[in-house]
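Accompanying notes for the structure given below.
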Amino acid sequence: MRGRTRFLIALLVLALVAAACGDDDDAGTTQATTATTAAATTTTAAATTTTAGTTETTAAATTTTEAMTTEVPSSPDDGVTDDVIKIGWMGDLTGPTAGTQAYTAAGAAAYAAFVNANGGLAGREIELIEKDDQYSVETGTTNYFALVEDDKVLAISGQGGSGIIAAIKEDIRDSNVPFVAPQQTTDDQFDVPNFTNVLAHYGDQADIVVGIAADEVGGCESLVMASVGLEVASGEEWAIYIKDTVEKCGGTYTGHVRMPLTGSDADAQVLELKGWVDSEGLNYIASHGSPSAALRLINSMEAQGLDLPIGTIFAQIAENIYLEGSAEITDRYWGVHTYTPSNISTPGNDEMNAFVASSGNSRFTENVFNVNFVVGWVGMKITVEAARQTIARDGTLTRDGMLLTLDNLQFDTGGQTPALDCTNPGNACGAAARRYQWDFDTMQLEAVGTYADAAVFLDYTYGLGGN
């Protein structure tokens, strides 16, 4: 992770095509392994009957995702049959963190449909197999073995749940199954070579949150920060990295407040924060968790009159937080993310938005507005790109070949992330992050500065939170 490629990406904000708000259940209850393929079949027809502008965009997208016609032998134990290439997704579709992960699953399904609509891969369609764990370690573990041993997927593209990773990391290490673009970045993952981590590490996210917060309050010596996090492994790790960064900076760290996974409010947690305001002059909160946890915190802060700025991890800048949370609190509420929201024009986002608009698939059109839809789309894009490169090199497609490709992958996602270079130690692929906040005039997320601007805060220190 230490030698990272960073560059400026020029972005133009545009209105999102055919986006409509969907709730957590809408985003997560459609598990369309077979339906994804069916949707892809109808999408191609729809694209030929749309307006000229849309057809031109779709045609351009086709040229960027050429179907490989190389004869590739089937390898059922590696997820490659005569007809399909099996790729897995595991995460929370209907549980307490579905507000992040269900959108990611929808994005992954959309990219699978996109590939299928443009000829598939190696004469086969992509079959996405989705497993809902409802953020349960027991269910997540069962789902992992089902994907790897029963479904025999080529790779798992997308996974959420730090507790699940802690429980199965040794099994993952002993397997030859690639994990691409998981939705958290605990130190556990960096001990396992199977992971291709794209999201910026929690240590990096903490560095940026603390650095920006210190600038806002007049310098590190003026920063008095508390961390808030869900009662999960990644929440504890977040606290460790925030504390380390604040103290290195020369600020004051008051302590960590734990949030339960579920509940109706965060009144007790806000009372603890208010105590630090009175006793230590707390002036900034660094938050970790799901969108629902963020809303509980924001609403309890409003109810108890606690108005402090909040810097958050990627998962807590979902659009519904700004639409449903108190405007008094969300006006100073922001977060960091590696991925570029779909409302910001980049070549990759433009291609994605054009396909979604032409697809006629409500799962895609209703969820593309959420930045975590982009996370799922890009995770599948990287997985498919790795498969293409493996075929080009070996003439075959296997799990072992995919692992070799991913270890050496260099890939431009079209501005949906920084350019990726997976050859760096730690296999973090050069992931970076930058600040995003809500624009109340356009009612969309906007980027504040560039990845390079945020990189000045990074110390590239990891391994503090190993479990």
Side-chain angles (χ1 to χ4, degrees), residues 33-34 36-37 40-41 44 59-89 108-129 147-159 172-182 192-198 348 351 377-414 419-424 427 429-430:
T33 297
T34 305
T36 297
T37 302
T41 304
T44 304
T62 302
T63 63
T64 65
T65 57
E66 301 174 13
M68 296 191 69
T69 57
T70 307
E71 291 225 8
V72 176
S74 294
S75 181
D77 286 344
D78 294 293
V80 181
T81 73
D82 292 344
D83 302 313
V84 300
I85 296 171
K86 299 179 182 180
I87 297 173
W89 183 96
Y111 192 79
F114 174 62
V115 172
N116 292 339
N118 287 290
L121 178 63
R124 298 162 171 87
E125 291 193 332
I126 301 296
E127 180 183 349
L128 181 64
I129 302 173
L147 287 171
V148 171
E149 297 177 357
D150 300 333
D151 299 310
K152 298 187 184 300
V153 296
L154 174 67
I156 295 174
S157 182
Q159 179 278 331
I172 298 169
R173 189 202 305 274
D174 293 340
S175 80
N176 63 345
V177 178
F179 268 71
V180 182
V192 180
N194 306 57
F195 280 104
T196 300
N197 296 293
V198 178
E351 180 179 73
W377 175 279
V378 172
M380 279 294 291
K381 178 189 282 191
I382 295 167
T383 305
V384 171
E385 175 63 19
R388 285 198 180 94
Q389 292 190 21
T390 301
I391 293 168
R393 183 191 64 237
D394 300 339
T396 60
L397 184 56
T398 65
R399 291 171 173 177
D400 288 334
M402 284 283 286
L403 286 173
L404 177 61
T405 301
L406 288 163
D407 280 345
N408 296 280
L409 184 69
Q410 294 176 306
F411 185 50
D412 185 348
T413 63
L420 303 179
D421 181 357
C422 302
T423 62
N424 295 317
N427 203 25
C429 298

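Only a predicted model underlies this, so the values are computations on that prediction, with no experimental measurement involved.
In this structure, CD in Q159 is found 10.5 Å from CG in L147, a value given to the nearest 0.5 Å. Here the CD1 atom belonging to I156 is positioned 10.0 Å from the CD1 atom belonging to I129, to the nearest 0.5 angstrom. In this structure, SG in C429 is found 11.5 Å from CZ in F411, a value given to the nearest 0.5 Å.
F195 and I172 make their closest contact through CZ-CD1, 3.9 Å (heavy atoms, listed as atom of the first residue, atom of the second, distance). Across every non-hydrogen atom of P73 and G395, the tightest pair is CD-O, 3.4 Å. Closest approach of P182 to N197, counting heavy atoms only: CG-OD1, 3.5 Å. When all heavy atoms of I87 and S157 are compared, the closest pair comes out as CG2-CB, 3.9 Å. Across all non-hydrogen atoms, the minimal contact from Q410 to Q389 is O-NE2, 4.2 Å.
Every pair tested for ring pair (Phe, Tyr, Trp, His ring centres under 6.0 Å) that includes a residue from residues 379-405 fails, sequence neighbours excluded, so the list is empty. For residues 111-122, the set of pairs meeting the salt bridge (charged side-chain N to carboxylate O under 4.0 Å, His left out) definition, not counting sequence neighbours, is empty.
Here R173 pairs with E170 under the salt bridge (Lys or Arg N to Asp or Glu O under 4.0 Å) rule; sequence neighbours left out. Qualifying ring pair (Phe, Tyr, Trp, His ring centres under 6.0 Å) partners for W377, counting only residues two or more places apart in sequence or in other chains: Y111, F114. Residues that satisfy the side chain to side chain donor-acceptor pair (under 3.5 Å) test with T390, not counting sequence neighbours, are T405. For D151, the salt bridge (Lys or Arg N to Asp or Glu O under 4.0 Å) test picks out K131, with sequence neighbours left out.
Between the side chain of N116 and the main chain of I126, a donor-acceptor pair closer than 3.5 Å is present. A donor-acceptor pair under 3.5 Å links the side-chain atoms of N194 to the main chain of V177, judged by distance alone.
In this structure the side chain of E127 never reaches within 4.5 angstrom of the side chain of T81, judged on heavy atoms. For the pair T196/L409, no side-chain contact is recorded, criterion being any heavy-atom separation below 4.5 Å from C-beta on.
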- For side chain to side chain donor-acceptor pair (under 3.5 Å), just list the numbers for R399 and S175, CA-CA rounded to whole Å, side-chain angles, deciding distance to a tenth of an Å, and then say yes or no. CA-CA 10 Å; R399 291 171 173 177; S175 80; over 6 Å; no
